[in-house]
Number of protein chains: 2
Amino acid sequence: METRELRYFVAVAEERHFGRAAERLGIAQPPLSRAIQQLERRLGARLLDRTTREVALTEAGAVLLTEGRAALDAVDAAERRTRRAAVGPGIVLVSKAGASEELLAKLLDAYAAEPGAVEVDVQLCGPAQQERLLRDGRADVALLHCPFDSTAGFDTDDLTTEGQSLFLPAGHPLSARSELRMADVAGVPLPRWPLPDGGYPDGPGPEVRDTMQLRQLVSLGRAAAVLPDSARHGLVDDVVAVPVVDAPRVTTVIAWPPHSRSRAVADLVRCAARL
Amino acid sequence: METRELRYFVAVAEERHFGRAAERLGIAQPPLSRAIQQLERRLGARLLDRTTREVALTEAGAVLLTEGRAALDAVDAAERRTRRAAVGPGIVLVSKAGASEELLAKLLDAYAAEPGAVEVDVQLCGPAQQERLLRDGRADVALLHCPFDSTAGFDTDDLTTEGQSLFLPAGHPLSARSELRMADVAGVPLPRWPLPDGGYPDGPGPEVRDTMQLRQLVSLGRAAAVLPDSARHGLVDDVVAVPVVDAPRVTTVIAWPPHSRSRAVADLVRCAARL
DNA sequence: CCCACCCATACCGCAGGGGTATCAATGAGA
DNA sequence: TCTCATTGATACCCCTGCGGTATGGGTGGG
């Protein structure tokens with residue numbers, strides 16, 4: 001199976017429409033129809049149920065969609081990591097904007113002091129984006145936060161575990177308390193994070209993209225949020241953090257794709273484990 | 001990047017010889033040379049240092065070799081799983097021959113009683129082969145044994161944890177002891193298991209491929225081995241198992257590729273977790 | 001009943017992948 | 001030092017197969 005065929009199939013399966021898929025792929029519709037037919041013939045499996053009104057996935061088609069996406073990511077990753085390796089040594093670390101700042105700084109300092117350390121390009125992004133970057137080769141290692149982030153398919157090492165606090169504007173009724181329980185927080189409209197598909201769940205809270213943005217909303221008095229204790233780091237004084245004693249504990253882990261434990265990534269991971 | 005190009009590159013990188021690689025691929029040498037040149041041009045990266053006497057990998061080439069192998073496995077997996085999904089529902093479970101027999105039987109019984117259970121094709125193979133099968137799509141779930149098997153890149157659920165015993169022929173000097181420590185076992189030549197590449201490490205013990213084979217060698221008085229306690233199950237009476245109290249504990253886990261948690265696999269995993 | 005929509009078919013042109021023949025560079029051995 | 005075997009690159013040709021345009025045919029909505 002060629003990646004071209006896979007890309008074509010994934011486009012049609014996602015659009016559920018040959019015309020739109022062809023447009024997205026930048027080709028005409030007839031060659032796309034033919035390519036899918038040929039793929040079906042080669043696999044000996046019907047992938048799509050087509051009527052003139054709708055295109056639906058068969059069981060086999062659904063399997064090929066998920067497996068094919070993973071395969072295309074792997075191919076993209078191979079290409080990206082090779083390109084990066086060609087321009088010179090160096091690794092890309094991705095972390096959530098505004099999270100684990102202190103830990104990240106310590107890690108980078110410690111690694112830089114290591115003999116044979118290479119350049120570390122730090123990328124900051126919103127949650128749920130990290131997994132994607134690690135999977136398609138735009139990043140080599142990530143700092144993830146269990147149980148929020150999925151570590152599925154990656155190797156990981158635990159770094160720190162911490163409790164969570166409610167971050168809220170000074171003056172908020174709950175800000176005077178010395179500690180809280182989840183039940184106390186139930187009435188507070190919590191911010192809504194993007195779903196893996198980029199949309200937002202329904203609810204009363206504000207839509208936020210990253211922790212920096214959230215922090216600003218909190219200090220403006222327009223949001224309150226339960227976050228790991230370490231978000232207290234660098235807090236401005238008009239925001240108060242009150243520990244939520246029964247909130248799930250958050251573990252910061254360092255994650256990397258299991259097959260690509262390069263020298264540099266291994267060094268960085270070893271370094272992180274010593275912190 | 002097309003899978004054809006990747007297959008070509010991996011062949012050359014593994015053979016370190018264009019002629020042999022071409023032969024392996026079933027094409028002539030000139031088109032292979034051209035394809036690699038074209039790949040290098042498209043990636044903007046030199047992948048191989050070639051002289052007339054030897055072909056060596058560059059840094060970028062080494063990256064593409066490992067990443068490319070993973071990507072090709074993912075593509076093969078997509079194709080195989082789609083083909084299987086097309087012939088009908090059903091999943092392939094792979095376990096080590098002669099290991100976790102009781103657990104496996106219970107699991108299969110429990111799952112078969114589940115509503116909506118599909119056929120489970122059980123494959124038995126030697127250790128280190130399972131990972132490969134799971135990775136290239138010939139299997140959907142596996143029973144692995146930590147810390148012997150690597151679970152890198154898979155999702156897992158722990159099933160059971162047990163100690164290990166020394167299995168040895170009745171009449172062996174150590175067979176009278178009621179328990180042992182690792183130090184007692186140090187002098188016993190242990191069997192050698194295949195390495196991931198199919199070869200065997202050097203040493204005094206016999207070469208074995210799977211637990212069944214080992215069991216037979218033990219009962220013939222030609223081997224002794226430290227194995228999980230559950231290997232005691234179905235033991236013939238001329239073999240004695242003596243607990244090794246300080247041997248590392250073995251955890252049997254059920255593992256599956258994280259992206260392909262199909263209905264059937266999810267059911268099986270849930271079923272396993274309840275055992 | 002007609003029309004709009006949408007996938008499939010027919011047919012054509014050409015890019016590019018594969019084959020054979022041959023060259024060029026390099027290192028081993030006489 | 002000269003020769004020769006080895007090995008990757010180049011030259012050139014053929015033909016497969018991918019993509020394009022034009023068009024057909026089936027289906028649901030108005």
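Letters A, B, ... are given to chains in the order of the sequence lines, protein chains preceding strands, and every chain is numbered from 1.
- In A/Arg20, the CZ atom is crowded: over 12 heavy atoms of neighbouring residues, nucleotides or ligands sit closer than 6.0 Å.
- Residue B/Glu5 is classed as having no contact, given no heavy-atom separation below 4.0 Å to the nucleic acid.
- Counting heavy atoms of neighbouring residues, nucleotides and ligands inside a 6.0 Å radius, atom CD of B/Glu119 does not exceed 12 of them.
- The nearest whole Å value for the distance from the CD1 atom in A/Ile27 to the C1' atom in D/dC18 is 9 Å.
- Listed for the A/Arg192 side chain is no donor-acceptor partner under 3.5 Å among the backbone atoms of A/Tyr200.
- Residue contacts shown for B/Glu2 are absent, as no nucleic acid heavy atom lies under 4.0 Å away.
- Taking atom CG of residue B/Leu25 and atom C1' of nucleotide C/dG17, one finds them 14 Å apart after rounding to whole Å.
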A correct 5'-to-3' footprint of nucleotides 22-30 of chain C, with B, S and - meaning base, sugar-phosphate only and no protein heavy atom under 4.0 Å, is ---BBB---
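- Atom CD of B/Glu23 has 12 or fewer neighbouring heavy atoms from other residues, nucleotides or ligands inside a 6.0 Å radius.
- The side chain of B/Gln37 contributes an N or O atom lying less than 4.0 Å from OP1 or OP2 of D/dT10.
- Put simply, the side chain of B/Arg34 and the base of C/dG18 share a donor and an acceptor less than 3.5 Å apart.
- Each of B/Arg135, B/Arg132, B/Arg81 was compared with B/Asp73 under the salt bridge (Lys or Arg N to Asp or Glu O under 4.0 Å) criterion, and only B/Arg132 meets it.
- Between B/Arg4 and C/dG18 there is a side-chain polar atom (N or O) within less than 4.0 angstrom of OP1 or OP2.
- Residue whose closest nucleotide on DNA chain D sits further toward the 5' end, between B/His17 and B/Pro31: B/His17.
- The nearest pair of heavy atoms linking B/Ala223 to B/Pro206 is CB-CG, 3.9 Å.
- Nearest heavy-atom pair, B/Arg270 versus B/Glu114, reported as atom, atom and distance to 0.1 Å: NH1-OE2, 4.1 Å.
- One can place CG of A/Leu32 at 14 Å from P of C/dC6, the figure rounded to the nearest angstrom.
- Nucleotide D/dA9 holds its P atom 14 Å from the CD atom of B/Glu54, rounded to whole Å.
- With rounding to whole Å, A/Leu39 atom CG is found 17 Å from C/dC7 atom C1'.
- Following rounding to the nearest Å, B/Gln38 (CD) and D/dA9 (C1') show an atom-to-atom distance of 15 Å.
- One atom, CD of A/Glu23, and another, C1' of D/dG19, lie 17 Å apart when rounded to the nearest Å.
- In this structure, the CG atom of A/Asp49 is 16 Å from the C1' atom of C/dA8, given to the nearest Å.
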